[in-house]
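Reckoned from all heavy atoms, side chains included, excluding hydrogens, waters and symmetry mates. First listed ligand is number 1; within each ligand, the first listed atom is number 1.
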Amino acid sequence: MNIPYQNFNNIHLPIEIELNKAYMKVFKSQWFIQGQESKDFEHRFAKFCDTKFCVGVGNGLDAIRLSLLALGIGAGDEVIIPSNTFIATALAVSYVGAIPILVEPSLDTFNIDCNRIEEKITVRTKAIIAVHLYGRLANMEHIRKIAKKNELHLIEDAAQAHGAQVNNIKAGNLSDIATFSFYPGKNLGALGDGGAITTNDKDLADKVRALGCYGSNTKYKHDFMGVNSRLDELQAAFLSVKLNYLEQWNNERIKIANKYFEGINNQVIRLPKKCLLGENVYHIFPILCESRDDFQEYLKDSEIATLIHYPIPIHLQNAYKSMGAKKGDYPLAELISNQEISIPLYPGMSEEQIDYVIETVNQYCKIS
Ligand SMILES: *Cc1c(COP(=O)(O)O)cnc(C)c1O
């Protein structure tokens, strides 16, 4: 049995007619940027997140970057982020001239350890970016308290958590401004690049929209030096179709994850902690294994594709040599980089495939 890491045909072929219709609609409209489709999708996604506003942008990285700019964060400011996130979170901070300050995660949740945030706050700290890593909501209640007490802006990087919710409040509605990516492999993915912000603050929404459109809200009148970062009509049309299925796909992800929790019982594998239903939409199913590289080879030989999220932590990336960090400075981020492996989990996985992954993982024993 050959099991890919993910499979787009499983979700796209059943809605092929709808996607083709969306394409033809844009094609015939002769309007390809900033038209009815992006407007519609923004409304629908704001409604889905239960926020007042949604603004489409070019990708998830720009969503974070433009949010920081809209909040007035810039040169010399410090922004707290987790030490084990995807590099985009850090890059967005660096792009606006601010300094990413890394805080170690909890190994139970893989999300930022709330008890370690306050020791990193200085007079220069302006914001916290909470990342819902692997699809699991960060502890927003705790983080919000810290942000409020210290008068910091709070941003959610929700690139991996479309539809995750706690107490019926969705990712995207748990902070001052939230950022999403619609990279194809995300829980809600376009057929290309795309991103968005959600917020309840009209000023922030207007500012992000202007920033992504050359700093202009009125054609040819420029109030800021903005960039070009917009969600295009085709991607918006595809996303509107796919949004109708997001909940169904997320539920399927949760079901598969629960099978993994029930079935995987290998002593050399550490599973993530289970959490309340809906708080995790399992963008990724991360497991830890001390002999990770050997384990990955073994799975590959058994025709199970896997990925590592992420093999090099931010502080050890060449791009961040300027941080002056060395091995050992962020031991938990390093542990995750050394031991994490993501096993296949995608809508449309068959029972046989799920069982085969469980069985194969359970049969692994390290021959050292
Ligand atoms: C994917 C991702 C991003 C960046 O999104 P792009 O659309 O690829 O620019 C940012 N943060 C996290 C946590 C991500 O997973």
Participant: Does the plane of the ring in Tyr364 sit parallel, tilted or perpendicular to the ring in Tyr298? Use 30° and 60° as the thresholds.
Facilitator: tilted
Participant: Quick one: which ligand 1 atoms are inside 4.0 Å of a heavy atom on Ala159?
Facilitator: 2 (C), 3 (C), 10 (C), 11 (N), 12 (C), 14 (C), 15 (O)
Participant: Which one of His132, Gln160, Arg65, Lys186 has a non-hydrogen atom at the shortest distance from atom 1 (C) of ligand 1?
Facilitator: Lys186
Participant: Classify the ring geometry of Phe86 against Tyr310: parallel below 30°, tilted from 30° to 60°, perpendicular beyond 60°.
Facilitator: tilted
Participant: Of the backbone atoms (N, CA, C, O) and the side-chain heavy atoms from C-beta on, which set of Asp157 has a member under 4.0 Å from an atom of ligand 1: side chain, backbone, both, or neither?
Facilitator: side chain
Participant: Show the atoms of ligand 1 that are less than 4.0 angstrom away from any heavy atom in Asn59.
Facilitator: 7 (O), 9 (O)
Participant: Are Asp193 and ligand 1 in contact, using a heavy-atom cut-off of under 4.0 Å?
Facilitator: no
Participant: May I ask you to check whether Tyr260 and Tyr282 place their ring centres under 6.0 Å from each other?
Facilitator: no
Participant: Starting from atom 8 (O) of ligand 1, which protein heavy atom do you reach first, and at what distance in Å?
Facilitator: Ser181 OG, 4.0 Å
Participant: With atoms numbered from 1 as shown, which atoms in ligand 1 lie under 4.0 angstrom from a non-hydrogen atom of Ala88?
Facilitator: 3 (C), 4 (C), 10 (C)
Participant: If we ignore angles and hydrogens, is there a donor and acceptor under 3.5 Å between the side chains of Ser29 and Glu233?
Facilitator: no
Participant: Look at the rings of His162 and Phe180 and say which category their plane angle falls in: under 30° parallel, 30 to 60° tilted, over 60° perpendicular.
Facilitator: tilted
Participant: Do Tyr220 and Tyr214 have their ring centres less than 6.0 Å from each other?
Facilitator: no
Participant: Mark up the atoms of ligand 1 that fall under 4.0 Å of a heavy atom belonging to Leu61, in ascending order.
Facilitator: 4 (C), 5 (O), 6 (P), 9 (O)
Participant: What's in the same ILVMFWY side-chain cluster as Ile312, cut-off under 4.5 Å, chained through other members?
Facilitator: Leu316
Participant: Return a yes/no value for Phe86: is any of its N or O atoms, backbone included, closer than 3.5 angstrom to an N or O of ligand 1?
Facilitator: no
